[in-house]
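Lettering follows sequence order; numbering is per chain, from 1. Since the model is a prediction, treat every value here as computed from it, not as a measurement.
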Amino acid sequence: MFKLSRKLIFVTIIAVIIATIAIDFFAMSGKLLSPLGYFYAFFSVFMLLYVVYPLYKNRRLTSYYWERTRKNRLAMLGLFFIVFLVILAIAGPFFTQDPNHVNFEEKNLPPVGFTTSQSVYDSQTGSLRNAEISGTWKHPLGMDDKGRDILAMLVSGARVSLQVGLVATFIALIIGVIIGVSSAYFGGMVDNILMRFTDIMMTFPFFLLLVFIVFIFGADLTLIILIIGMTGWTGAARIVRSEALSLRTREFVLASRALGASDARIIFRHLIPNVMGTLIVIATLSIPGVILAEAALSFIGLGDPTVASWGRILNAGQDNLETTWWVAVEPGIMLFLTVLSFNFLGDGLRDAFDPMSEL
Amino acid sequence: MNILEVKQLKTYFFTRRGIVKAVDDVSFDLQKGEVLCLVGESGSGKTVSALSILGLIDLPGRIMGGEVIFDGKDLRQYTPRQLRNIRGKRIAMIFQDPKESLNPVFTIGVQIMEPMKIHLKLSDKETKEKATSLLERVGIPKERFFSYPHELSGGMNQRAMIAMALACDPEILIADEPTSALDVTTQALFLEVLMDLKKERGMSMIFITHDLGIVAEIADRVVVMYAGRVMEKAEVTQIFENPRHPYTIGLLNSLPNFTKKKKLMPIPGQIPSLIDLRGCVFHTRCRFAKEICAKVILQEATVDEGHLSACLFHDSQEIVKASKEVGV
Amino acid sequence: MPGKKASMGEYIARRLFYSLIIAWGILTITFILLRLAPGSPADNYLANIAASGRARDIAQVQAAIDARYGLDKPLYLQYADYISNLLHGNLGWSLSTSLPVSELLSKHWIYSFELIFLSTVFAVLIGVSIGIYSAVKQRTKADYAVTVFSFMGISIPNFWLGIMLILIFSVKLGLFKTYYDTSLPLFSLENLKAMTLPVITLGSGMLAGYSRYVRSAALDNLRKDFVRTARAKGLPERTVILKHVFRNAMLPVITIIMLDMSGVVFGGAYLTEIIFGIPGLGRISFNAIFADDYAVVVAVTLIGAVVTLIFNLLADIAYTYLDPRVRYV
Amino acid sequence: MKLLEIWNIRKYYPISLGVFSRRAGELKAVDGVSLEINEGETLGLVGESGSGKTTLGKVIIRLEEPTQGEVLFKGRNIFSLKGDELKSYRRQVQMIFQDPSASLDPRMTVGDSVAEALLIHGMEDEEERMSRVGELLKEVGLEAGDASRYPHEFSGGQKQRIGIARALALRPGLIIADEPVSALDISVQAQILNLLSELKSEYRLSLLFIAHNMGVIRYLCDRVAVMKAGRIVEEGSVEEVFTSPQHPYTKALLEAAPVPNPHARRL
């Protein structure tokens, strides 16, 4: 019974979101929610209806895969760090100071446990003198050359990275699934055209294309996310297509067709649930790529100048390696750990979903 | 005369779910010039037994005990290098799926010459001549020397496998379900070639199969296996006419026969998991099982000269009666 | 399967035909993106004029520029011009350097080539060997070490790795210069030394990736029945691994290495050049971005795509050549 | 009474080479087959791999359109059926597949797999559906509680039982069984054969039984058709064909099949 109402709920929610956007644009002139805000509304409802609820409903299967994943220690380590990062990104900003707050008094303060010798302007003598400066617990990760707290910047950077990673991957996956499934299912000319288009998109080196498009259209976080999402679907489309093609000839799909199941039923009840495992793995493994791409963009100065992303901190830090090395080291470590965690988790999930792997 | 003797062989697989006793306390011997058939269903341990003879067990599997006496010496004590001098030279092996068992990127000619190059000190020309004549002997035209496995049919590939196995004139050939991937007519032709070669060269052969028809056709003696253990060992006629283990009886009663229509009496239940087996491995599916069967394992009892059964009650009236009723 | 095998030549002809379609698609998409861009190549120039107060000239200058770039023509003619220019090797003028783009590129491509070539050799040699090694030693400490190392290599952002290498080896230890010295002759030991850190920066991620691919391909093949056959023949383990397993494992890996050229390598080379100041295509495109030099950015993007296309083609051909099972379909 | 009549069915697959679509030839999977199955009868279709028997099965169940020919079910051409009539045909003809592991959706409980047929054919009430699934599972020798389990929790033989339950769900008149026991071990194979034999008489089923094993055909079938390279070379009652085969190919097949009797050996 819930199955029918689930579609209904979904359609209603989309209608409400579209209506809100319309009101937003025509009556409120775009002030109600940011574009990302809409996306999150849609994203959470979608996840609830099509990921969380099915996982809950098929508890046996969920716990089976969970048990298999749990056996991979590295994957669990990765998951642990990701959960930590999510909590940090959501709750962190309430506990750290404003990342944009500038305090020249405390500029170039090293992290706790480190001491550096710097020339400091002495207000009494009016001249520069050398002083030993040690890190303090007030700013455990130190300050940059403008006296901004690095911990605060890293926390807000975590938010940016996760936003980019999740949202762009989600967009890419949706496009990938639509293209992959329709290509496999309709075959013939449709397949030919879609796959040639995928080939063309794949032939652009991803990062060069990204730089190119950001160069043309300008740097804005929402735009960057959209661009990554709209160029990064090719791998997913190919994998989904080949999985769907092999599923199409599997006997259980034939059995369904022999029963007179409709195309929609076969796609939604057999194809999609069976590529779901692959999709989750693709998602987990493409999030780090996306995070890295955004960081690299910011690093070379093409990121959104209004947000404190890890790549931007790094970019600022590389100019003063001799004096304030920590500004370049710390965001890199965060980036590295995040990417590593997603890769560990993705690899663990892949093994868990692979029926051939012996666990 | 015994040419090969396997004594109390144990091969276990150490999986995350537990220890799988794929082969547990298996003993049999092979006489010179005879065909010994290992029969059993999937998971019975027949393939693992054969691989264990040549030490071809991969991790997570390990041979945990037992002896493999060949030529008066225990192959298990051999160094890897000594063992390699036996493999392919004195004991050769062919496998189930010929397409998978040949390397797809090398021509069959190259693959047939390979064992000769290692084991025999022949000139390149002699090697090639021998390989070509072997190919022709197994019924493959010699132009096929330069063909890749995917260019040949399953039956042809299996013949190429034989040519490769016989390249160094081995004393023993172990054939692991060599025909189960072939069609019946191809199978018949293949078996004919195989048996001819065996007679011609006086080889001894261990033939692994699940097909009782093939057993009846080619075996001199039979070892019936189930769940990693030997259930019954006997001359082939004894197995078909006087089976004394409930499993053998059950198998024969499960077998549909195309020469006459008969009622099937299947063995109930499923093949058990090989982890945590207690008592007689067959007791969960045995219609003659008593309480004691869940506790005790009977090693092997002699029914007759050369006829052994692992059933406690192989002499009981019920089983003798059931044995008489088996009509194949 | 019955049916005739198509000839290798026909197969290559067909792949070339596909590649042409893709190349055309690439040009078209770039054209569309350029035309969708908010603003034209002349905007900056115009802004300068506007700032200097000679506002009445703007319309005139605008018209002149539009005519110069053909922006006054209808869209389909612009498209035709664009394609025909590219086909004639005419990539436009670089405003910031006052050179034809083609000349600029021909001066700088060798640096990118050198970096990518050295890194690939470095990554393939080491990556393939440790991949095979770790597959053979599956589930031992050595294998776990390689696995963890590979994961770290894949996950470490290469631009950060570059900075860390500079920080440690150049700034703290003073072993290398912090910046690539363009005055060094290309084929010299000094140059090779200067390339050390950049090659490690770009190569380590590739290396880690290849070792993962090779390991899993080798494991797949180690499980195959033909490996058991090879062992049953009495072949020494070395021959089993290096002849039977290696040959089969390398088939997919070669393709992956070729395909990798696009995503990982170009992006990585771009960043590596920027960090170390190597004046390759990445670096000049980077400079061009901040000089608003359209033609150079477009040219580098197109070259990246075309080179990728060529590598894809090579990958296909190499695969069919190496794997006897492939039918040229 | 004739239930199914097959008239001169041909199924050719084009063999084309790539983008220029040069037609290199045709694979004649089924090349002019005519057969009929009477109500309550079991017809065995025997042949070696590549003989076209599976393709013929798929044509009958309308998973493949034939290149030529007609299939009449209860006198009506099934390829002209549309809408409700087609649905009714689908209800009356079901298929059992060879590979029990591939024939069940690994992401669905076996209960849902069996219930899918009921759902598609309009049994909306979930409770009713599930109780019917329970009955079906019991009928094939499983338990009603098994409905909430997933395919990976069952052995090959049990999965094949579930496949049979799914085929029986709509109480079809004709079942096409494509090598349903060839992937199973001998002891389990006999269980499934007995189950099919019981269900056959209980439901008055007609069965098209595709197999390569002569013994299995003999055990279960009333009539047999021997197929080779897309054609039927011999057809007749099992008794007749097996005791006095006429066609050389049938003779070859029977001679090649090993007999489980050591006194009858030929090698």
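In terms of non-hydrogen atom pairs under 4.5 Å with chain A, the most contact-rich of Ile21(C), Val300(C), Thr301(C) is Thr301(C). In terms of non-hydrogen atom pairs under 4.5 Å with chain C, the most contact-rich of Leu209(A), Val211(A), Asn343(A) is Asn343(A). Annotation: maximal heavy-atom pairing with chain C below 4.5 Å, among Leu210(A), Asp347(A), Ile213(A), occurs at Asp347(A). Taking Val307(C), Ile156(C), Leu161(C) one by one and counting their heavy-atom pairs under 4.5 Å with chain A, the maximum is reached by Ile156(C). Ranked by non-hydrogen atom pairs under 4.5 Å with chain A, the options Val148(C), Ile166(C), Leu33(C) are led by Leu33(C). Contact count against chain C (heavy-atom pairs under 4.5 Å) is highest for Leu314(A) among Leu302(A), Leu314(A), Leu74(A).
Taking OG1 of Thr203(A) as the start and CG of Leu313(C) as the end, the distance is 11.0 Å to the nearest 0.5 Å. Put simply, CZ on Phe344(A) and CE on Met152(C) are 8.0 Å apart, with the number rounded to the nearest 0.5 Å. Residue Trp325(A) holds its CH2 atom at 11.0 Å from CD1 of Ile168(C), rounded to the nearest 0.5 Å. With rounding to the nearest 0.5 angstrom, the CG atom of Leu335(A) is 5.0 Å from the CZ atom of Phe159(C). To the nearest 0.5 Å, atoms CD1 (Ile26(C)) and CE (Met201(A)) are separated by 10.5 Å. Leu302(C) contributes atom CG, which lies 7.0 Å from atom CZ of Phe212(A) (distance to the nearest 0.5 angstrom).
Counted within 6.0 Å of CZ on Phe84(A), heavy atoms from surrounding residues, nucleotides or ligands total 12 or fewer; the atom is thus considered open. Residue Phe31(C) places its CZ atom among more than 12 non-hydrogen atoms of other residues, nucleotides or ligands, all under 6.0 Å distant.
At a heavy-atom cut-off of under 4.5 Å, chain C is reached by Leu292(A), Ala295(A), Ala296(A) from residues 284-296 of chain A, listed in order of number. Contact annotation for residues 272-288 of chain C against chain A (heavy-atom separation below 4.5 Å, listed by residue number): Ile274(C), Ile275(C), Phe286(C).
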Could you list the donor-acceptor pairs under 3.5 angstrom formed by side chains in residues 222-236 of chain A, with sequence neighbours left out?
residue   : atom : partner   : partner atom : Å
Thr231(A) : OG1  : Ile227(A) : O            : 2.8
Thr231(A) : OG1  : Ile228(A) : O            : 3.4
Trp233(A) : NE1  : Met230(A) : O            : 2.7

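Only the side chain of Ile29(C) comes within contact range of chain A, judged by heavy atoms closer than 4.5 Å. Contacts of Arg223(C) with chain A are absent, with no heavy-atom separation under 4.5 Å from either backbone or side chain. Using a 4.5 Å cut-off between heavy atoms, Leu271(C) contacts chain A through its side chain alone, with no backbone atom that close. With a 4.5 Å cut-off on non-hydrogen atoms, Val298(C) touches chain A through its backbone and its side chain both.
Not a single donor-acceptor pair under 3.5 Å links the side chain of Trp160(C) to the backbone N or O of Gly311(A).
Between Asn312(C) and Asp199(A) the shortest side-chain heavy-atom distance does not fall below 4.5 Å.
Phe80(A) meets the side chain to side chain contact (heavy atoms under 4.5 Å, CB included) test with no other residue; sequence neighbours excluded.
Heavy-atom minimum distance, Phe204(A) versus Thr30(C): CZ-OG1, 3.8 Å.
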